[in-house]
Visitor: 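After the structure tokens below, expect a handful of questions from me.
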Amino acid sequence: MKVFKFTAVLFVLTLIFVFQVAAQETKIKWFGHAAFSITTPKGKVLLIDPWLKNPLNPEAKDDKDAFAAVPKADYILITHGHRDHVGDAIEIAKKTGATLISNPELAGNLVKLADFPSKQAETDAIMGIGGEIQIADGEVTVAMTAAVHSSSVFNPKADATEAERAYGGNPAGFVLIIKNGPIIYHSGDTAYFKDMETIGEEYQIDLALLNIGGHFGMEPRMAAKAAKSVGAKMAVPHHFATFPGITRNSDSFASELKKLKIPFYEMKPGETVSFRGKQMVKK
Ligand SMILES: [Zn+2]
């Protein structure tokens, strides 16, 4: 009987331990292109550049409901105003009530020109490059970093006399510092710039999500250089193979990283990887 009790207690303790470890996981999902979701250990969902209806997303193919896989979102982070980054933000914001994190000019024009819900775009989460904010009850610190790119926002209401592209503020990248989780850098659409080293000095980047598409942003070999500059412990490519004219695969990025001895992981569109603390656990 005593042995049985002991075994039962041990079993319950093991279960509690397993659940606690599972609860400490940060989940990162790639939807294709620059779109990622990050689910924190406490269950908050952050979407970055949510173009869920991009051609690579398996959950958007064949008339599937691309939003079915995103039942909730607490925050939408947008690096810059281009259509392949704003993506489906407005529809998702209306559906989920998520709060917008972007620069003020982009936020203002998304409200004015594209009907982004104003209450979700006029909060303390509007920020500028160089700044940091705390979100998710302090579980996540968001830093907005510089990006060398452009940032116009499409104006669907433009008449024949107006420009189709309105001002979208400065383009940016984001660093996300997650409590009991990794520090993640999303580069947006930036070109390589030497001051990325400052990002690496300031934040211990566990995971760098880097645009490798070339043509409009970093070529793969420069993206590998970016991984080195920010001191990435792991580099994951994005913004490739989505449409003609950009890098078709991650091969050259992977081989450049190998030369630099930086760990590389290619996610498949629709794939989720998990971090336990700062350690990546592939799924
Ligand atoms: Zn862009």
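All values below were derived from every heavy atom in this structure, side-chain atoms included, with hydrogens, water molecules and symmetry-related copies excluded. Atoms within each ligand, like the ligands themselves, are counted from 1 in listed order.
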Visitor: With under 30° as parallel and over 60° as perpendicular, where do the rings of His33 and Phe243 fit, or are they tilted in between?
Guide: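 Rings of His33 and Phe243: tilted, as their planes differ by 30° to 60°.
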
Visitor: Would you mind reporting whether Lys72 and Thr96 have side-chain heavy atoms less than 4.5 Å apart?
Guide: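 No, their side chains stay 4.5 Å or more apart.
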
Visitor: Check the angle between the aromatic planes of His149 and His82 and answer parallel, tilted or perpendicular using the 30° and 60° thresholds.
Guide: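 Perpendicular.
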
Visitor: Check this for me, if you would: do Glu256 and Lys258 make a salt bridge, where the nitrogen-to-carboxylate-oxygen distance has to be below 4.0 angstrom?
Guide: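 No, Glu256 and Lys258 are not salt-bridged.
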
Visitor: Do Lys194 and Glu197 sit within salt-bridge range, that is, some charged N less than 4.0 Å from a carboxylate O?
Guide: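 Judged by the 4.0 Å cut-off on N to carboxylate O distance, Lys194 and Glu197 do form a salt bridge.
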
Visitor: Any salt bridge linking Glu91 with Lys94? Criterion: basic side-chain nitrogen under 4.0 Å from a carboxylate oxygen.
Guide: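 Answer for the salt bridge query: no.
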
Visitor: How about the Zn ion (ligand 1), which protein N, O or S atoms come within less than 2.8 Å?
Guide: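 Correct list: His80 NE2, His82 ND1, His149 NE2, Asp189 OD2.
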
